[in-house]
Protein chains: 2
Amino acid sequence: MVKIKDIAESCGLSIASVSKALSGKSDLSQKTIEYVQQVAKEMGYVPNASARLLKTNRSYNIGVLFVDKTSSGLEHEYFSTILNSIKDEAEKNGYDITFISHHFSNNNLTFYEHAKYRNVDGVIIASVDFKDPEVIKLVDSSLPTVTIDYDFNDKSSVDSDNVQGIQDIISYLVENGHKKIAFIQGDDTSVTQKRVTSFYRACAIHNVPVKEEYIKQGAYHIPQVSGKATRELLELPDRPTVIMYPDDYSLLGGITEIEKHGLRIPEDISIVGYDGIKLSRLLRPVLTTYVQNSSEIGIQAARKLIDLIENPKTSLPERISVKGYMQKGETVKKIN
Amino acid sequence: MVKIKDIAESCGLSIASVSKALSGKSDLSQKTIEYVQQVAKEMGYVPNASARLLKTNRSYNIGVLFVDKTSSGLEHEYFSTILNSIKDEAEKNGYDITFISHHFSNNNLTFYEHAKYRNVDGVIIASVDFKDPEVIKLVDSSLPTVTIDYDFNDKSSVDSDNVQGIQDIISYLVENGHKKIAFIQGDDTSVTQKRVTSFYRACAIHNVPVKEEYIKQGAYHIPQVSGKATRELLELPDRPTVIMYPDDYSLLGGITEIEKHGLRIPEDISIVGYDGIKLSRLLRPVLTTYVQNSSEIGIQAARKLIDLIENPKTSLPERISVKGYMQKGETVKKIN
DNA sequence: TTATCTTACTAAAACGTTTGACTAAGATAT
DNA sequence: ATATCTTAGTCAAACGTTTTAGTAAGATAA
């Protein structure tokens with residue numbers, strides 16, 4: 001690999017001068033700067049990020065922590081879209097992305113140690129167990145961090161606006177005459193808590209009575225669980241007119257169950273999803289669901305992290321909330 | 001950050017001794033080794049990958065090149081599953097993953113330059129335009145590379161077995177009495193070429209006449225395109241009894257079109273997808289499709305790359321083919 | 001006793017950069 | 001003519017490691 005020294009020799013200049021010429025600044029003659037850059041190009045010079053980092057303490061590398069309990073965080077469309085937009089936004093700003101994780105090999109580094117080991121300038125944390133002491137240690141460290149869909153005190157985060165999402169769904173259902181609203185929750189996470197709180201609040205505002213038997217514990221992304229909850233709801237003496245699911249994917253487990261009961265959607269029962277996965281528009285009937293703006297979430301997270309990295313003195317902890325919108329599909333029936 | 005020098009001072013040893021003690025090998029007394037490791041742990045020492053790399057020329061970091069033309073390679077389940085399994089397998093072996101890409105910022109590095117800049121030990125290439133001169137340059141460089149779903153001369157690759165896949169589908173269709181088989185192809189890539197060749201061959205073997213009007217140019221992951229092709233097929237005077245789609249996702253565009261024509265699946269027309277996305281099992285009717293073993297593809301790619309990195313002398317270029325299997329769903333009707 | 005071998009360490013160079021302090025030569029001011 | 005200021009560069013240390021060659025002290029062999 002050609003290095004600065006080679007260019008220096010080729011140009012008859014000192015290493016220091018070449019380094020300065022390549023970075024463009026400093027007190028070299030314009031002629032020299034251009035000459036050096038020209039030669040560097042011809043020689044196929046590529047700087048060495050590691051050597052540079054050693055001196056500057058800046059890696060222009062962002063760590064991304066993505067560890068689903070099911071170890072397939074990336075396979076959920078919501079998260080892969082977020083990752084993709086983090087990547088794009090980071091690249092636009094000259095940053096690369098490295099995954100942070102446990103090392104199952106020789107050395108067993110914690111998340112924080114791993115981030116230090118790789119010298120990342122900051123970390124974006126998504127789809128993890130936010131109660132994990134290791135995650136907490138990472139967030140509490142001196143490294144800039146941005147969490148997604150979870151808030152830590154005095155730390156920056158980007159959230160999908162779950163409160164607004166549930167509110168919009170309830171408003172829409174009420175507009176369509178629904179009063180018997182069932183809600184299958186996801187796993188017990190802060191996202192779920194926000195949704196549940198918002199659910200009760202919105203129902204109260206709209207004078208919709210909340211029946212406890214309409215509220216079901218469920219799980220994200222597991223069709224079987226939504227299926228089971230659906231069955232229980234359908235077998236209630238006083239059946240709900242609409243069922244809200246934790247996400248579009250697990251909703252499909254509900255559909256199966258509904259069809260097993262010989263019911264039609266939306267004629268006999270309405271359903272609402274959450275997420276707005278791409279497929280939701282292709283299914284027939286088209287899903288009524290709340291579309292999360294996942295790529296915007298990724299963009300905001302990357303921007304905020306880079307801001308924290310580049311302006312450590314002036315960038316304040318911030319909670320960014322990203323709104324989505326109702327996709328008014330065909331799975332909710334207007335009743336009397 | 002605590003560094004080796006700090007440990008050395010604390011232990012009253014030289015830097016060299018500490019370094020050796022931490023790596024465990026070499027000619028130090030067992031007592032010293034244990035003592036040093038103990039102190040290092042207490043002081044919270046984390047090695048610095050960049051400094052280490054500078055001396056050893058090994059980063060234990062793998063580059064991943066994932067650039068879809070639609071710039072959303074990651075959002076396709078096939079690729080996000082591959083990425084996820086690359087990541088898992090790499091981590092198990094002590095490697096990290098960094099994305100390789102163009103830098104849209106200040107310095108405009110080629111893929112190869114970027115890989116060099118970040119000192120990755122090797123690169124896995126997937127979901128790119130393999131005709132891109134930059135990609136070719138990267139593959140032809142001295143860096144170990146593994147391509148996914150594309151073969152370069154004398155280079156290692158991992159392929160989903162598309163030949164077998166199409167063969168299995170045709171066999172299954174023939175078993176079920178189908179002779180009028182339509183095939184909507186994906187974009188013009190090497191994967192498509194393999195599938196098309198396999199299609200003709202399999203049809204020949206089974207004595208299925210291939211009607212040229214049953215073969216349609218299409219595209220991957222674009223429901224509208226599959227929808228249009230479907231419409232044209234349905235309007236043929238001699239309609240096919242089954243339509244093969246380039247992928248499960250775009251197949252949904254076909255379903256919409258079929259329903260518009262008032263036809264039922266599979267009673268009036270059979271359909272077959274490709275990929276085996278998770279949703280394919282949840283849809284009703286359950287999709288008949290060929291399931292690609294995408295996580296195995298990622299695992300194999302990571303393993304081969306690490307093998308190439310660690311055994312540069314003995315590891316030979318290899319073409320690994322990963323088989324999938326037929327998911328016999330409910331979208332193909334058995335006919336007389 | 002002296003020579004050789006082990007053992008347990010240390011010294012110092014090197015990896016490729018960046019950067020603050022320095023300098024030589026010419027220009028300008030007095 | 002001397003002092004000061006610019007300009008255009010150079011020097012050398014430093015970043016945190018690894019590693020080769022070396023060494024001092026004690027053990028063993030002849």
Side-chain angles (χ1 to χ4, degrees), chain A residues 1-37 39-40 43-61 106-107 109 113-121, chain B residues 1-37 39-40 43-61 106-107 109 113-121:
Chain A
M1 275 285 87
V2 23
K3 51 194 175 184
I4 287 191
K5 197 180 166 199
D6 302 326
I7 303 174
E9 278 165 13
S10 172
C11 292
L13 285 167
S14 71
I15 289 180
S17 298
V18 172
S19 172
K20 287 175 180 167
L22 288 174
S23 66
K25 7 181 173 251
S26 192
D27 45 6
L28 293 180
S29 74
Q30 192 56 34
K31 213 183 74 185
T32 307
I33 292 181
E34 278 164 19
Y35 176 55
V36 168
Q37 290 184 342
V39 172
M43 296 180 73
Y45 172 72
V46 180
N48 184 320
S50 295
R52 181 175 280 175
L53 169 135
L54 219 48
K55 276 302 289 181
T56 62
N57 243 347
R58 288 278 275 109
S59 64
Y60 287 91
N61 200 5
N106 33 9
N107 43 358
L109 302 175
E113 288 168 346
H114 192 169
K116 277 316 229 180
Y117 175 66
R118 285 291 175 197
N119 300 287
V120 295
D121 293 332
Chain B
M1 275 285 86
V2 26
K3 51 196 176 184
I4 287 190
K5 196 179 166 199
D6 302 326
I7 302 173
E9 278 164 13
S10 172
C11 292
L13 284 168
S14 71
I15 290 180
S17 297
V18 173
S19 172
K20 287 176 181 168
L22 289 174
S23 65
K25 10 182 172 248
S26 192
D27 45 4
L28 294 181
S29 73
Q30 192 56 32
K31 212 182 74 186
T32 307
I33 292 181
E34 278 163 20
Y35 176 55
V36 168
Q37 290 184 341
V39 172
M43 297 179 74
Y45 171 73
V46 180
N48 183 321
S50 294
R52 180 175 280 177
L53 169 137
L54 219 47
K55 276 302 290 179
T56 62
N57 245 347
R58 289 277 276 111
S59 64
Y60 287 91
N61 200 6
N106 33 10
N107 43 359
L109 302 175
E113 288 168 347
H114 192 169
K116 276 316 224 182
Y117 176 65
R118 285 292 174 198
N119 300 289
V120 294
D121 292 333

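Predicted model only: the values in this text are computed from it and were never measured. In what follows, chains are A, B, ... by sequence order, proteins preceding strands, each numbered from 1.
- When heavy atoms are screened at a 4.0 angstrom cut-off, A:Val46 is found touching the sugar-phosphate backbone but no base atom.
- Residues satisfying the side-chain hydrogen bond (donor to acceptor under 3.5 Å, both in side chains) criterion with B:Ser19, sequence neighbours excluded, are absent altogether.
- Stretches of at least 3 consecutive Watson-Crick or G-U wobble pairs, with each checked distance under 3.5 Å, appear in DNA chain C as C:1-30 with D:1-30.
- Applying the side chain to side chain contact (heavy atoms under 4.5 Å, CB included) test to A:Leu28 and every residue at least two apart in sequence or in another chain returns A:Ser17, A:Lys20, A:Ala21, A:Ile33.
- Among the heavy atoms of the strands lying under 4.0 Å from A:Thr32 are primed sugar atoms or P, OP1, OP2 only; no base atom is included.
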Footprint string (nucleotides 18-28 of chain D, 5' to 3'): B base within contact, S backbone only, - free, heavy atoms under 4.0 Å
BBBB-------
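- In this structure A:Lys55 satisfies the side chain to side chain contact (heavy atoms under 4.5 Å, CB included) test with no other residue, sequence neighbours excluded.
- Remark: A:Asn119 engages B:Asn48, B:Ser50 in a side-chain hydrogen bond (donor to acceptor under 3.5 Å, both in side chains) (not counting sequence neighbours).
- What separates CG of A:Leu13 from P of D:dC11 is a distance of 11 Å, to the nearest Å.
- A:Gln30 has its CD atom 11 Å from the P atom of D:dG9, to the nearest Å.
- The side-chain hydrogen bond (donor to acceptor under 3.5 Å, both in side chains) check on A:Ser23 picks up nothing, with sequence neighbours excluded.
- Rounded to a whole Å, the NZ atom of A:Lys31 is 10 Å from the P atom of D:dA8.
- When the side-chain hydrogen bond (donor to acceptor under 3.5 Å, both in side chains) test is applied to B:Ser10, no partner is found at least two apart in sequence or on another chain.
- With the nearest nucleotide of DNA chain C identified for both B:Leu54 and B:Gly12, B:Gly12 has the one nearer the 5' end.
- Listed by chain and number, the residues in a side chain to side chain contact (heavy atoms under 4.5 Å, CB included) with B:Ala49 are A:Tyr117, A:Arg118 (sequence neighbours excluded).
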